[in-house]
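Quick notes on the structure that follows.
Counting starts at 1 for both ligands and their atoms, in listed order.
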Amino acid sequence: MDSTARSAPVIEVKHLRKRFAGNIALEDVSLTVGEGEIFGFIGPNGAGKTTTIRILATLLEPTAGQVRISGLCVQNDTEEVRRIIGYMPDQYGLYDGLTVEEYLEFFAGAYRIPPRLRRSTLGDVMDLTDLGPLRRRMVSSLSRGMKQRLCLAKTLIHDPRLLILDEPAAALDPRARIELRMLLKELRRMGKTIFISSHILTELSDICTSVGIIEKGRLIECGSIDQIKQRSTKKARVEIHLHEPRPEAIDILKLSPEVERCSLDGKRLSFDYLGRPEDFHRVLKLLVDNRIPLLSVAQDTRNLEHLFMELTKGDVQ
Ligand SMILES: Nc1ncnc2c1ncn2[C@@H]1O[C@H](COP(=O)(O)OP(=O)(O)OP(=O)(O)O)[C@@H](O)[C@H]1O
Ligand SMILES: [Mg+2]
């Protein structure tokens, strides 16, 4: 690979558009993923995640726009791009009649790993994915989580620089999800760049260095989680614990133009505050002046899921 390809972003998508028989699946999607990032591609069902991923993986032609992987064009430099990427589809078939080791040996051959390197390559990927103890098991006897690890091991055999994983956590139990997260962090430490899609947000927020949020074919937010939070947290959700239930607190708060979506659940008073942080004490003063006894005040620290719901207006299909 020449130095231009090395210094280019690992993924560069510009004005990507995809139309299927009159239906627009992607509209003007642009994003960049730098070396060593874990990029979370988040969106509800039908948003366009798999369509984008299949274009990145050279399996689908875009209707318009450009996609470069390490500076190479996915449409013109297909073979080179395929050598750089490891793609794990959302649905995959495995050959049931083989053992784990035979299955991986088959793909080592398909990827043209030289015979003298095959044993060590297979040993490395089985160590990484914890498949060593299962090497002689028949693929048909593996659990879903084990099969998924096997598919990931297959994806790693040719030592790809970029991993493109379409909903790898779907259908995994909580423990297998934690193991997957640890594995992805380990792969990042090894220098891989990872593009991973999900509609389950909380599991990505602690491993991703940046995220893109897609809805109805449009990328509606992109950047680090902190950047997105900053842009979308002009509002703060506030929760006040009262000493006793006081329904009139709602009418009192409505006097403030900076308060929205106010509700009272027992002694828990919640609302959105839209004003400047330094003016927040005025809202509290309003309550105190009206003899509403307050026990505690907390601001909601938003997680990605909360943010996503706001960004997509809860419009999850
Ligand atoms: N081969 C196809 N032919 C026609 N329409 C398609 C095709 N593939 C995808 N679409 C449409 O494109 C849109 C995006 O689908 P896509 O599979 O990319 O969504 P997704 O975000 O991966 O959803 P999910 O979370 O369900 O996997 C949908 O409206 C879908 O119906
Ligand atoms: Mg999909």
Side-chain angles (χ1 to χ4, degrees), residues 11-33 38-69 74-75 78 81 85-94 144-145 147-148 151-152 154-155 162-174 176-177 180-181 184 194-205 207-208 210-223 225 228 303-317:
I11 300 178
E12 204 173 10
V13 174
K14 284 190 184 158
H15 308 296
L16 183 61
R17 185 162 206 266
K18 179 68 191 175
R19 194 186 314 172
F20 289 110
N23 287 331
I24 292 175
L26 297 174
E27 184 66 62
D28 201 20
V29 171
S30 298
L31 58 89
T32 303
V33 179
I38 301 184
F39 183 89
F41 196 44
I42 296 159
N45 294 136
K49 303 181 296 295
T50 298
T51 303
T52 307
I53 283 178
R54 288 175 59 79
I55 293 172
L56 292 179
T58 75
L59 299 173
L60 196 63
E61 295 258 317
T63 304
Q66 298 95 44
V67 179
R68 291 189 169 272
I69 305 279
V74 287
Q75 285 169 281
T78 309
V81 169
I85 61 173
Y87 162 59
M88 185 164 146
D90 52 346
Q91 281 174 352
Y92 47 86
L94 298 168
R144 193 193 291 269
K147 282 185 176 158
Q148 202 242 19
C151 190
L152 196 54
K154 181 199 101 177
T155 307
L162 169 63
L163 292 170
I164 302 176
L165 311 174
D166 196 355
E167 305 235 22
L172 292 185
D173 67 24
R177 281 184 187 174
L180 176 70
R181 277 213 296 258
L184 295 178
I194 302 171
F195 186 100
I196 171 174
S197 78
S198 180
H199 56 273
I200 305 160
L201 310 159
T202 36
E203 76 193 3
L204 291 188
S205 53
I207 58 162
C208 288
S210 54
V211 295
I213 296 176
I214 185 166
E215 191 194 32
K216 294 182 180 143
R218 288 181 179 273
L219 197 72
I220 54 172
E221 271 292 354
C222 198
I225 290 170
I228 296 182
N303 59 22
L304 193 56
E305 189 146 28
H306 197 117
L307 181 66
F308 174 81
M309 292 305 284
E310 177 162 298
L311 287 168
T312 59
K313 296 168 222 75
D315 190 11
V316 179
Q317 293 155 32

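- Closer than 4.0 angstrom to ligand 1 by heavy atom are F20, A25, P44, N45, G46, A47, G48, K49, T50, T51, E167, sorted by chain and number.
- When all heavy atoms of I53 and F195 are compared, the closest pair comes out as CG1-CE2, 3.7 Å.
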| Audit row: V74, L56, side chain to side chain contact (heavy atoms under 4.5 Å, CB included) steps and yes/no | CA-CA 7 Å; V74 287; L56 292 179; 5.7 Å; no

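- The minimum heavy-atom distance between F41 and K49, with the atom names listed, is CE2-CA, 3.5 Å.
- Among the atoms of T50, an N, O or S atom is found under 2.8 Å from the Mg ion (ligand 2).
- You'll find the side chain of M88 stays beyond 4.5 Å of the side chain of L163, heavy atoms only.
- The closest side-chain heavy-atom distance from P44 to H199 is not below 4.5 Å.
- Between L152 and L165 the shortest side-chain heavy-atom distance falls below 4.5 Å.
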